[in-house]
Structures are given as C-alpha cells and as structure tokens.
2 protein chains.
Amino acid sequence: MTLKELSKVLGLSQTTVSRALNGYPEVSETTRSRVREAAERHAYRPNARAKGLATGRAMAIGHVIPQSIRHETVNPVFGDFIAGAGETYARSGYEMVLAFIEKDESEVYRTFKARGSVDGIVVHGPRLNDPRLRQLADIGLPFVVHGRSSGLDIPYSWLDVNNRSAFHRATRFLLDLGHRRIGLVNGLEEMDFAFRRRRGYEQALTEHGLPIDPALIAADEMTEFHGYRSARAMLALPDPPTAFLAASMICTLGVRRATDESGLVCSRDVSIVTFDDSLSYLQNGQDVPIYTATRSSVREAGRRTARMLIDRIQTPDTPHRQELLEAQLVVGLSTGPVPNRQG
Amino acid sequence: MTLKELSKVLGLSQTTVSRALNGYPEVSETTRSRVREAAERHAYRPNARAKGLATGRAMAIGHVIPQSIRHETVNPVFGDFIAGAGETYARSGYEMVLAFIEKDESEVYRTFKARGSVDGIVVHGPRLNDPRLRQLADIGLPFVVHGRSSGLDIPYSWLDVNNRSAFHRATRFLLDLGHRRIGLVNGLEEMDFAFRRRRGYEQALTEHGLPIDPALIAADEMTEFHGYRSARAMLALPDPPTAFLAASMICTLGVRRATDESGLVCSRDVSIVTFDDSLSYLQNGQDVPIYTATRSSVREAGRRTARMLIDRIQTPDTPHRQELLEAQLVVGLSTGPVPNRQG
DNA sequence: GTCGTCGTTGAAAGCGCTTTGGAAGACTGA
DNA sequence: TCAGTCTTCCAAAGCGCTTTCAACGACGAC
C-alpha cells in the first residue's frame, strides 16, 4: 500500500493525503480524520527510503563501535547503554544503526554522511584528545559523545559521569577507613574515563599527603582476568594493598577471585570498592549492595545521550550541551576498617 | 557529490557511470577505470536511500530485541552476538539496525516490512512454539532464528547450539564423578534453549536411573542474583546438591558466591559446571579454564547466523537451512569427585 | 457585481539512484 | 556499398514520498 494507492482509494491527491498524515494545517479536520482512518484500515506505512529521499533526513542514528585494540572485547556496558538509547529512539521515531568496524573509523563517518544513512552519531569510548571528534565536526555530522575527551579544544556536546569525583570520593572513603595502601584496578588509561578516574584517585591520595605508588596501579581492558591478575600481583607485593578500587563490576569479580584465593576475607582483611554501571544482568545485590560502589546507571546515560542527540539534530544551531552525571556512593558489605596487621 | 554531478564531470551519462561503478558488463574497461578513478578522487558514495528506493533493497538487517519480561534485562550475550553478526554485515555491505521494543513485536515486523527499512531479520530468544516465527513467515520478511522453537511445525532457518546434548554431556560428566544430587540453575524455561537444556539434564539423570527432584531445579532470568539465590536455597536443603550446573557464566558467578558464603571449597566440596558463551569480557580463565564448562562461542554464532540470513536474502528460493553447533566440553578446576559426606 | 481573502485541494517537480529501450558508431562479411 | 552484428553509450521513466505553486470555491466587504 503506497501513498498513491491510498490517495486513489480516498479519491484525494497524494498531496492532501501526505499533508493529512503529517499533520499539516492546510487540511480540514474532516478529511484528515477520513485519511487517518483509511490509512489505519489499510495499514499504510510510508516507505522509509522514499520519505528519507524526499526529506533528506534518515530518521536514524548511528553508533560506531570500534573493535577494541586487543582481545576484540565488546564492552559489557555497551548492551545496557544502547538499550537505554534505543528506548529514546523508539519514542521519537528514530532507528538505531550499528556499525562494528575494525579499521578506519573516520572512513565510516564519511560514508555515513555521504550515503545519508544516519542523521547523527553517538561516539563511544572517547580517548584523550580523540581525533574522531574533530573529524566528525569537520564532516558536519551531528554527534554527541558518551564521555569526554581531555585535551580537545573544540566545542562539542557530551554526556559523562563525573569519573574524577567518583573515584575521588571512593578513595577518600577508603582513606577515612584507615586504608593507606589502595590498589587501583583501572581501565586502559588512553580512555578518557580511565584517565579521569586515576586523577580522582591520585588527587585523594595527594590531599591526604600520601605518595602514589605505581605498583598499586594497573590499567588494562576491563575484563575479569585483568581484575584477577592485577589484584594477585599486588597482593604478592612486600607491602600489599589493604583495599582495592576497581573500575567495573566485571573487574571486581576478578579482584574478588584473587582475594578469595589468597584466603582473605572481604571487608575484614581487604576492602573492595567498585564502579557500578548498574548493569541489568549484574546487579550489585538486590536490597543491600554487596560491594561498596560509586554507582551510575549506564542505561540512563544511554537514554539521555540519545535525547541530547535528537535535540541537536532537530535544532542544530543551538549551542552545545554538556551533561555531567554525579555517581552515587553506596556503602555495601565489601568495605571495612583497615586490618591491624600487627594484631 | 551525486551521480549526476560525477557524470557531468566525466562527460558521461548517469547510466554509464552507474553501470561502470556497479560492475555491469556493457561498459568498456577504459571508461570503467576512468569512472572508478574519478569516483575515488571525488569521494563519491551513492546515496543509500536513493539506491534503496531504486533497487527496492535496503541493504540493512534488523535485530529486534524484546525488553525482557521482567527486570528489563539486556541479555549479556547479546553484545557478543551482534558483534559477530556485525563483522559479517560489514564485509557484505549490510547495515545493522536495532529495535528495542516494549510491546508488540509483530507490529515492528510489519512496520519493517512496510517501510522497507530492512531486508531481513534475526530473531533473538525464541520461546517454545514462538508465535513470532509464524508471523514473520506470514509477513514475508526473510528471517533466521538464533535458536529454535520447539513445537513449531513450519519450516524456517535457524542456527542453534545443541543445548540438549551440551547439558546431557555436562550432567553425565558430573554423574561419572559420582555426583547424585545435581542442582540445575537454568534460564527461564519458556525460552527454548532453557527448555532443551533441562531436557538434556533430565535425560542424563534418567539414563542413570536417578529421580528428578524439582527442588534441585531453578529457572529464572540468568542474572548473577538468580545464581546466588537459587544455589543458596538448594544448599539449605536437608539433602543439598554436591554439584551445580549453571546456564551461564553470569549465573555461575552467583552460584560461586553462594558456595563461597557457605564455606564450601569449589571442586573439593562442591563441583560447578557452567555453560560458557565465550564472552569476550568474561573469559573462563586464560590458559586453564577456571570452570568446567560446555563452551560455544556466541560471537561465532552471530557471524554464522548473519551469513545464513544474507544468503537467504540473496537467494530466497533455496530451501531453509539449519545449523546445529555442538558445544565443546572443557574440563576446568571447578569439578572433582563427589565428597564423602560421612568421611 | 467585483474584489480580496481565507480555507482547502491538486498538479507537478524533485530527491538520487537504477534500468529499460533505444541509438550511434565500429566492425564484419557479402 | 550495404545489411547485419557487436560494442558502447544515452534519454527518460520510475522507485514513493514531500513540497512548491497554483487553482478553486465560498465568503464578506465594498
């Protein structure tokens, strides 16, 4: 059922039918409802490609997922993020197109733009001084970044968790409990979020007059194994940490495996604080949090990022917007005062 | 840069340029290379919508993700699956469009079909006698199912892991170690894969002449908490299990948390076997598997499912294809002979 | 009665591509 | 020389929609 057929059925012109369905005012209410009713009855759906060709808008938004540097790791938070974004898109009539790529990301952007497949892009996993953002700005494709890019001086829209303050708070929390040797199991520090988290951690230590020990900082892709290996290595140090700060629930599972293996009891012998993205399949306890955590829902971030991008697409000339979400500190069962080693 | 402009630059007609770029034979090699070179130089990319409108093909494939019944759980394996599928799409020039939906899935199918947004669909999470498959067949949209739907008698293409045999093997493995009380921490049994897994488990028990104890079977969404709660409940039974069979790594983490809490040492006091989807961010150990597992890469499944669908779209009249992947049993550190309770 | 205005509808152009149905030129063989 | 092939190219229609421009009737004002 096409517009043409539908208009023939109704004895109207395509123009009028199109106007009636798209809510233009120059159409009488009686014909409009007649048209609406007929469209409903014949299950008419405008062809997306034809509409896109005519309007110049794709009604689609692209998410470009780089195959990560090593291990072809699919970020476990990614599923929740796009689920949130997807909710917003669905409500606004947008489709979500995903591109998994291996090599040249800017090539994909250029192609998206030239082929007109999408109206805008969500940028994932920004790095320090990320070249992609400048490329996107040059290409002229609207975009919003999930995260930020330190060291980049062009204006752009972003939504980020305050990673620095989250890790600052978490570290201070451990310091207040008396911990002085705190292991940081971080993500790859070329990633902006990991860089900021480390800054928060270091800032808290410095404020307490404590030195920064490189042996207590491990950065890698946030897998379970990274958590395990890093924690185990730190626990083998002559002066091992009494607490760990982990960058994700997945990492934390590895840290926990290492501490368990060492026969340490969590919260008594060793404290663990994690960053919790509120993943739907990996909740931090039902009522009482298992782990003390700085928490921020990545799904909600997806919802809001999508909203920002749609707004940008619809009103491109408004100034760039930024949204900084504060993570919430929830105290769980994984932390306790520093153990008395001499005791 | 449009076809029109490019053809003007070259002093050729749109027809010839189009043919040259799309590899039609009626064009001399000299003009073809001239055209190719110019297209490259001007970074010409055909407009996807216009092309789609003219050809009737969208060069896009839809993945419809139902917001799960409860907890709005995003299946953690989903990310790896679509990453695999995405690889295949990228190589074949297809785009991937995702739809997250809350309510009527068949409505989305109909809309996809009517609007022509996609050429085919991958169906996720099939249930027993799933009505969606019949709907899709009626609508006439090519599709391939990741999984199967027991009790459905129409022909369709699918790719599935042999869940029954995987759990049959895993159960038998535990039985061979002397375990007689084996807890099954399953997914929701309205899901076809969970149903089949249970069948494999029960079949192995029955073959050994053992009864099936409903108290040792728990089915729910495959979260960490499900694993924890179910295992804890089973361990509190008068005659607790000496082994667990868990439906995913995520569940297993919960099971492990419960056994740890009970002071049980894994593989000595209690054995755990899991189903391992080879998730990139949650690997089952680096060299030696931590958990004994039946393993099958969901990413590889994504790659192959995508391939099947593309083939189906390109040659719709071929008979339906089915692909049954056998999971591999890997023996890890989480299993051992049944403990001697009296000892 | 005429004119301008308002409210409502339509014809047709155009979005950027593919593809049908020729057509021009080059080349054969008689 | 000419009819009959190929080879190589093109004009134009068409995909299904939006949107510009124009038209038409009704109406009130003069």
Side-chain angles (χ1 to χ4, degrees), chain A residues 1-36 38-39 42-60 93 95 110-119 314, chain B residues 1-36 38-39 42-60 93 95 110-119 314:
Chain A
M1 173 60 60
T2 68
L3 225 211
K4 199 170 176 182
E5 291 165 17
L6 185 63
S7 57
K8 193 162 294 174
V9 167
L10 281 160
L12 288 169
S13 72
Q14 294 190 40
T15 313
T16 306
V17 177
S18 169
R19 280 179 178 147
L21 292 175
N22 291 318
Y24 283 75
E26 322 87 316
V27 119
S28 74
E29 276 314 311
T30 56
T31 41
R32 190 191 300 281
S33 57
R34 240 186 85 216
V35 170
R36 284 233 178 93
H42 293 89
Y44 168 73
R45 303 266 193 305
N47 179 295
R49 292 189 301 271
K51 193 161 187 164
L53 187 56
T55 59
R57 289 179 306 126
M59 292 308 284
E95 280 174 353
R110 240 174 280 277
T111 302
F112 267 157
K113 169 75 174 184
R115 302 182 43 174
S117 333
V118 300
D119 299 322
Q314 289 174 349
Chain B
M1 173 62 59
T2 68
L3 225 211
K4 200 171 173 180
E5 291 164 15
L6 185 63
S7 58
K8 191 161 296 173
V9 167
L10 281 158
L12 289 169
S13 73
Q14 293 190 40
T15 314
T16 306
V17 176
S18 170
R19 281 183 177 144
L21 292 175
N22 290 318
Y24 283 76
E26 320 87 320
V27 100
S28 74
E29 274 315 311
T30 57
T31 42
R32 190 191 301 282
S33 57
R34 238 186 87 218
V35 170
R36 283 235 177 91
H42 293 89
Y44 167 74
R45 304 266 193 304
N47 180 295
R49 293 189 301 271
K51 192 161 187 166
L53 187 55
T55 59
R57 289 179 305 127
M59 293 307 284
E95 279 174 355
R110 242 173 279 277
T111 302
F112 267 158
K113 169 76 174 183
R115 301 183 43 174
S117 332
V118 300
D119 298 322
Q314 289 173 348

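No hydrogens, no waters, no symmetry mates; every other heavy atom, side chains included, goes into these values.
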**From D:dC17, C:dG10, C:dC17, nucleotide with atom closest to A:A50 side chain** = D:dC17
**Item:** Among C:dT18, D:dT18, C:dT9, the one nearest A:E26 by side-chain distance
**Value:** C:dT9
**Request:** Kindly say if A:N22 contacts the phosphate of D:dT18, meaning a side-chain N or O under 4.0 Å from OP1 or OP2.
**Result:** yes
**Asked** B:S28 side chain N/O closer than 4.0 Å to the phosphate oxygens (OP1, OP2) of D:dC9?
**Response** yes
**Fill in**
A:L53 CG to D:dG16 P, in whole Å, measures 12 Å
**Asked** Within the side chain of B:R57, is there an N or O that forms a donor-acceptor pair under 3.5 Å with the backbone of B:D119?
**Response** no
**Asked** Any sub-3.5 Å donor-acceptor pair from A:T55's side-chain atoms to A:K51's backbone N or O?
**Response** yes
**Asked** So, does the side chain of B:R49 form a donor-acceptor pair with the base of D:dT18 at under 3.5 Å?
**Response** no
**Message:** Tell me the interatomic distance from A:L6, atom CG, to D:dG16, atom P, rounded to whole angstroms.
**Reply:** 14 Å
**Asked** Taking the side chain of B:T16 as its heavy atoms from C-beta onward, which of D:dC17, D:dC15, D:dC10 lies nearest to it?
**Response** D:dC10
**Message:** When you measure from the side-chain N and O atoms of A:K51 to the phosphate of D:dG16, is any distance below 4.0 Å, counting only OP1 and OP2?
**Reply:** no
**Message:** Taking only side-chain N and O atoms of A:S13, does any of them lie within less than 4.0 angstrom of OP1 or OP2 on C:dG10?
**Reply:** yes
**Prompt:** Closest to the A:A54 side chain: D:dC9, D:dT19, C:dG14?
**Reply:** C:dG14
**Request:** Can you check whether any acceptor in the base of C:dT9 is under 3.5 Å from a donor in the side chain of A:R34, or vice versa?
**Result:** no
**A:R45 side chain vs B:R110 backbone, donor-acceptor pair below 3.5 Å** = no
**Prompt:** Are OP1 or OP2 of C:dT19 and a side-chain N or O of B:Y24 less than 4.0 angstrom apart?
**Reply:** yes
**Asked** Could you go step by step and tell me if A:E5 and A:K8 meet the salt bridge (Lys or Arg N to Asp or Glu O under 4.0 Å) rule?
**Response** CA-CA 5 Å; A:E5 291 165 17; A:K8 193 162 294 174; over 6 Å; no
**Item:** Position toward the 5' end of DNA chain C (nearest nucleotide), A:L12 or B:T55
**Value:** A:L12
**Protein-nucleotide distance (A:R19, atom CZ; D:dT18, atom C1'), rounded to Å** = 9 Å
**Request:** To the nearest Å, give me how far apart CD (A:E29) and P (C:dT9) are.
**Result:** 11 Å
**Request:** Measure the distance from CZ on A:R32 to C1' on C:dG7 and round it to the nearest whole Å.
**Result:** 13 Å
**Message:** Walk me through whether B:L3 and B:V17 qualify under side chain to side chain contact (heavy atoms under 4.5 Å, CB included).
**Reply:** CA-CA 7 Å; B:L3 225 211; B:V17 176; 3.4 Å; yes
**Request:** Specify the separation, in whole Å, of atom CZ of B:R57 and atom P of C:dT19.
**Result:** 8 Å
**Asked** Which nucleotide in the set D:dC9, C:dT9, C:dC17 lies at the smallest distance from any side-chain heavy atom of B:N47?
**Response** C:dC17
**Item:** Donor-acceptor pair, side chain of A:R49 and main chain of B:R49, under 3.5 angstrom
**Value:** no
**Asked** Think B:T2 has a side-chain N or O under 4.0 angstrom from the OP1 or OP2 of C:dC15?
**Response** no
**Request:** Using atom CE of A:M59 as one end and atom C1' of D:dT18 as the other, report the distance to the nearest whole Å.
**Result:** 14 Å
**Request:** Ignoring backbone atoms, test whether A:T15 places a side-chain nitrogen or oxygen under 4.0 Å from the OP1 or OP2 oxygen of C:dG10.
**Result:** no
